[in-house]
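See structure below.
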Amino acid sequence: MNVNLPEYLASSATGNFFLLAGPCVIEGEKMALEIAEKAVEVTSRLNIPYVFKGSYRKANRSSLHSFTGIGDEEALRILRKVGETFNIPTVTDIHTEPEAAMAAEYVDMLQIPAFLCRQTTLLVAAAKTGKMVNIKKGQFLSPEAMKHAVEKVREAGNPAVAITERGTTFGYQDLIVDYRGIPVMQANGCPVILDVTHSLQQPNQTSGVTGGRPELIETVARAGIAVGADGLFIETHQNPAVAKSDGANMLRLDLLPALLEKLTVLRMAVNQIGR
């Protein structure tokens with residue numbers, strides 16, 4: 001999609017939040033197109049600027065035997081097809097410097113995984129593509145510390161940057177969202193996104209498969225909208241029970257419209273009373 005992405009994300013005439021949503025990982029063309037079609041339908045109706053999210057490869061897995069992808073070239077081709085079919089921007093994760101230029105040929109936004117948010121060379125490589133860079137806050141970092149990651153991207157010559165809150169380590173096997181961090185990170189002058197579904201992960205399970213609390217998706221999302229998050233990040237799948245990555249914390253696709261309808265009403269109320 002040939003668009004100024006920061007302007008697009010702020011383009012809702014009603015002052016609505018924007019949305020990054022899609023499957024954890026691209027499992028195939030049919031599933032990706034179906035998810036995008038459903039998301040485009042509801043976001044268009046509710047005036048929510050929408051970016052399709054899908055990882056072309058999962059590099060951070062609990063087990064050596066976990067699914068990592070269908071192949072880089074095929075998954076990136078599918079991401080491009082989603083963008084072209086629905087005329088929407090797309091975003092995917094990158095993990096190493098060479099991946100930045102490769103993925104930038106197919107998507108509109110590059111995402112830095114939370115565990116890699118301090119990797120200077122990765123941030124600089126992403127910045128130099130000219131694509132918007134979404135940096136996920138490490139589970140081990142304070143909101144205040146994210147200013148350094150933002151500065152790395154800007155000092156590399158790219159002002160188009162966003163920060164995503166995705167929970168902070170709370171003991172060995174849980175995460176908690178500190179909503180104070182949203183306005184703290186917004187003070188950097190960039191949009192702040194709340195990753196609703198990853199914030200509900202229960203990592204480091206002895207089974208080797210990450211757990212989750214999907215029943216709390218609406219709770220966390222509503223709180224994020226109430227405190228003024230600029231955007232939401234939600235992983236969704238037609239059937240999370242058979243998803244090949246992060247199924248334990250994803251939103252079932254058919255539940256997405258009702259959730260977004262409620263959140264839009266809440267955002268309008270927040271806009272009326274002021275943040």
Side-chain angles (χ1 to χ4, degrees), residues 1 3 5 8-9 18-43 48-61 66-96 99-100 102-114 116 126 129 131-136 162 164 166 193 195-198 201 210 212 214 217 231-256 260:
M1 183 179 184
V3 66
L5 199 46
Y8 169 76
L9 296 180
F18 61 83
L19 177 70
L20 277 62
C24 179
V25 61
I26 299 297
E27 300 174 11
E29 182 175 305
K30 183 174 183 290
M31 64 87 70
L33 291 170
E34 285 179 355
I35 291 171
E37 182 177 25
K38 186 75 169 182
V40 167
E41 176 186 306
V42 63
T43 54
I48 299 172
Y50 172 56
V51 180
F52 178 85
K53 180 269 167 186
S55 296
Y56 70 89
R57 186 201 319 152
K58 296 300 293 184
N60 175 27
R61 303 309 313 272
S66 297
F67 177 80
T68 58
I70 60 174
D72 294 354
E73 185 175 347
E74 175 65 5
L76 287 167
R77 181 195 64 79
I78 291 170
L79 281 163
R80 174 184 282 167
K81 183 168 184 177
V82 168
E84 292 175 347
T85 299
F86 298 102
N87 193 32
I88 53 173
T90 56
V91 58
T92 198
D93 307 87
I94 59 171
H95 316 90
T96 65
E99 291 180 40
M102 176 181 72
E105 294 293 320
Y106 295 87
V107 299
D108 304 279
M109 179 190 290
L110 300 178
Q111 185 165 279
I112 308 299
L116 299 176
T129 66
K131 300 291 185 176
M132 188 170 185
V133 181
N134 179 31
I135 312 170
K136 288 203 163 184
T164 293
R166 51 96 70 237
I193 303 160
D195 182 342
V196 178
T197 48
H198 283 107
Q201 282 184 332
T210 298
I217 287 173
L232 295 180
F233 179 109
I234 297 174
E235 287 190 338
T236 183
H237 192 281
Q238 294 94 331
N239 184 1
V242 300
K244 296 183 178 181
S245 178
D246 279 2
N249 54 269
M250 280 203 282
L251 179 70
R252 206 173 71 219
L253 182 60
D254 65 330
L255 300 178
L256 182 65
L260 294 180

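These numbers were taken from a predicted model, which means no experiment stands behind them.
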Is there side-chain contact between [X] and [Y], with at least one heavy-atom pair below 4.5 Å?
| X | Y | answer |
| --- | --- | --- |
| Leu33 | Phe86 | yes |
| Tyr50 | Val42 | no |
| Val51 | Leu19 | no |
| Cys24 | Met250 | yes |
| Asn134 | Leu110 | no |
| Val91 | Asp108 | no |
| Asn249 | Ile217 | no |

Please name the pair of heavy atoms, one in [X] and one in [Y], separated by the smallest distance, quoted to 0.1 Å.
| X | Y | result |
| --- | --- | --- |
| Glu29 | Lys81 | OE2-NZ, 2.7 Å |
| Ala248 | Pro214 | O-CD, 3.0 Å |
| Ile78 | Gly28 | CD1-C, 3.7 Å |
| Ile26 | Gly54 | CD1-CA, 4.0 Å |
| Ile112 | Ala126 | CD1-CB, 4.0 Å |
| Ala162 | Ile193 | CB-CD1, 4.1 Å |

Can His237 and Val242 be said to form a side-chain contact (heavy atoms from CB on, under 4.5 Å), step by step?
CA-CA 9 Å; His237 192 281; Val242 300; 4.3 Å; yes
Is it true that a side-chain atom of [X] and a backbone atom of [Y] form a donor plus acceptor pair closer than 3.5 Å?
| X | Y | value |
| --- | --- | --- |
| Glu27 | Ala243 | no |
| Thr197 | Glu235 | yes |
| Thr90 | Phe52 | no |

Can you sort out the partners of Glu73 under side chain to side chain donor-acceptor pair (under 3.5 Å), two or more places apart, ordered by chain and number?
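Counting only residues at least two positions away or on another chain, Glu73 forms no side chain to side chain donor-acceptor pair (under 3.5 Å).
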Cation-pi check, Lys136 to Phe233: give yes when NZ or CZ is under 6.0 Å from the six-membered ring centre and within 45° of the ring axis, no otherwise.
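Yes, Lys136 lies over the aromatic ring of Phe233.
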Between the side chains of Glu74 and Tyr56, is a donor N or O closer than 3.5 angstrom to an acceptor N or O?
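The criterion, which ignores hydrogens and geometry beyond distance, is not satisfied for Tyr56 and Glu74.
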Which residue is it: Lys58, Arg77, Arg57? I am looking for the one with a salt bridge (charged side-chain N to carboxylate O under 4.0 Å, His left out) to Asp72.
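Option passing the salt bridge (charged side-chain N to carboxylate O under 4.0 Å, His left out) with Asp72: Arg57.
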Under a 4.0 Å N-O cut-off, is there an ion pair linking Lys30 with Glu34?
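Answer for the salt bridge query: yes.
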Before giving the answer on side-chain contact (heavy atoms from CB on, under 4.5 Å), spell out for Val40 and Lys38 the whole-Å C-alpha distance, their side-chain angles and the decisive distance to 0.1 Å.
CA-CA 6 Å; Val40 167; Lys38 186 75 169 182; over 6 Å; no
When rounded to the nearest 0.5 angstrom, what distance separates [atom1] in [X] from [atom2] in [Y]?
| X | Y | atom1 | atom2 | result |
| --- | --- | --- | --- | --- |
| Leu232 | Leu260 | CG | CG | 8.0 Å |
| Met31 | Gln238 | CE | CD | 5.5 Å |
| His198 | Gln201 | NE2 | CD | 4.5 Å |
| Met109 | Tyr8 | CE | OH | 10.0 Å |
| Lys131 | Thr129 | NZ | OG1 | 7.0 Å |
| Arg252 | Asn239 | CZ | CG | 8.5 Å |

Let me see the working for Thr164 and Asp195 under side chain to side chain donor-acceptor pair (under 3.5 Å), right down to the final yes or no.
CA-CA 6 Å; Thr164 293; Asp195 182 342; over 6 Å; no
Against Val107, only a single residue in Leu79, Ile94, Val82 fulfils side-chain contact (heavy atoms from CB on, under 4.5 Å); can you say which?
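For Val107, the side-chain contact (heavy atoms from CB on, under 4.5 Å) test succeeds with only one of Leu79, Ile94, Val82, which is Leu79.
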